[in-house]
Amino acid sequence: QVQLVESGGGSGQSGGSLRLCCRASGNIYSSLGMGWFRQPPGNEREGVAAIDVDSNSIYADSVKGRFTISRDGLENTMYLQMNSLKPEDTAMYYCAGDFLLCAASLNETQFYFWGQGTQVIVSS
């Protein structure tokens, strides 16, 4: 009943910036713990950043200092500001959420709702 939709993906150059958005809709009865995951071509899916219902956030070491996750307290919306992009950031990015998450997590098995993904391609 809950749907997550990503937007803001596309192509960018090394050193540039992109901002991803994730909006939740449907039967939203409480705040969602949410996170961003990505799957590079030929690699496994990995956690990127996550934010809990109290807006506490965590980051993968590979993006720490470059990416910023945030959420809108008035809407079921999450953002990922991606700065200083690198070619290795190229991946399919997925938004994930769960009502029962009270702490930010980069473990994908702890998320029940998933978006369809949005492609990010970073060229040199």
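We're numbering straight along the sequence, starting at 1. Reckoned from all heavy atoms, side chains included, excluding hydrogens, waters and symmetry mates.
Under the 30°/60° scheme for interplanar angles, the aromatic rings of Phe37 and Phe111 are found to stand perpendicular.
No hydrogens or angles considered: a donor-acceptor pair under 3.5 Å links the side chains of Glu6 and Gln116. In the model, Gln110 has a side-chain atom that pairs as donor or acceptor with a side-chain atom of Ser105 under 3.5 Å.
Taken to the nearest 0.5 Å, the CG atom of Asp89 stands 12.5 Å off from the CD1 atom of Ile121. Interatomic distance, Ser31 OG to Asp52 CG, rounded to the nearest 0.5 Å: 10.0 Å.
Between Tyr94 and Leu4 there is no side-chain heavy-atom pair separated by less than 4.5 Å.
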Determine, step by step, whether Cys95 and Met34 satisfy the side-chain contact (heavy atoms from CB on, under 4.5 Å) criterion, reporting the C-alpha distance in whole Å, the side-chain angles of both residues, the deciding distance to 0.1 Å, and the verdict.
CA-CA 7 Å; Cys95 172; Met34 304 179 77; 3.8 Å; yes
Between Arg38 and Val63, does the side-chain contact (heavy atoms from CB on, under 4.5 Å) criterion hold? Intermediate values first, please.
CA-CA 12 Å; Arg38 69 185 183 185; Val63 306; 3.9 Å; yes
Apply side-chain contact (heavy atoms from CB on, under 4.5 Å) to the pair Val120 and Thr90, showing each step before the final yes or no.
CA-CA 5 Å; Val120 172; Thr90 296; 5.9 Å; no
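Linking ILVMFWY side-chain heavy atoms closer than 4.5 Å, directly or via other members, places Trp36 and Ile58 in two distinct hydrophobic clusters.
For residues 77-88, no pair satisfies salt bridge (charged side-chain N to carboxylate O under 4.0 Å, His left out), with sequence neighbours left out. Identified under the salt bridge (charged side-chain N to carboxylate O under 4.0 Å, His left out) test for residues 95-112, with sequence neighbours left out: Arg45-Glu108. Among pairs with a residue in residues 114-124, none fulfils salt bridge (charged side-chain N to carboxylate O under 4.0 Å, His left out), at least two apart in sequence or across chains.
Taking the six-membered ring for Trp, Phe67 and Tyr59 have ring centres at least 6.0 Å apart.
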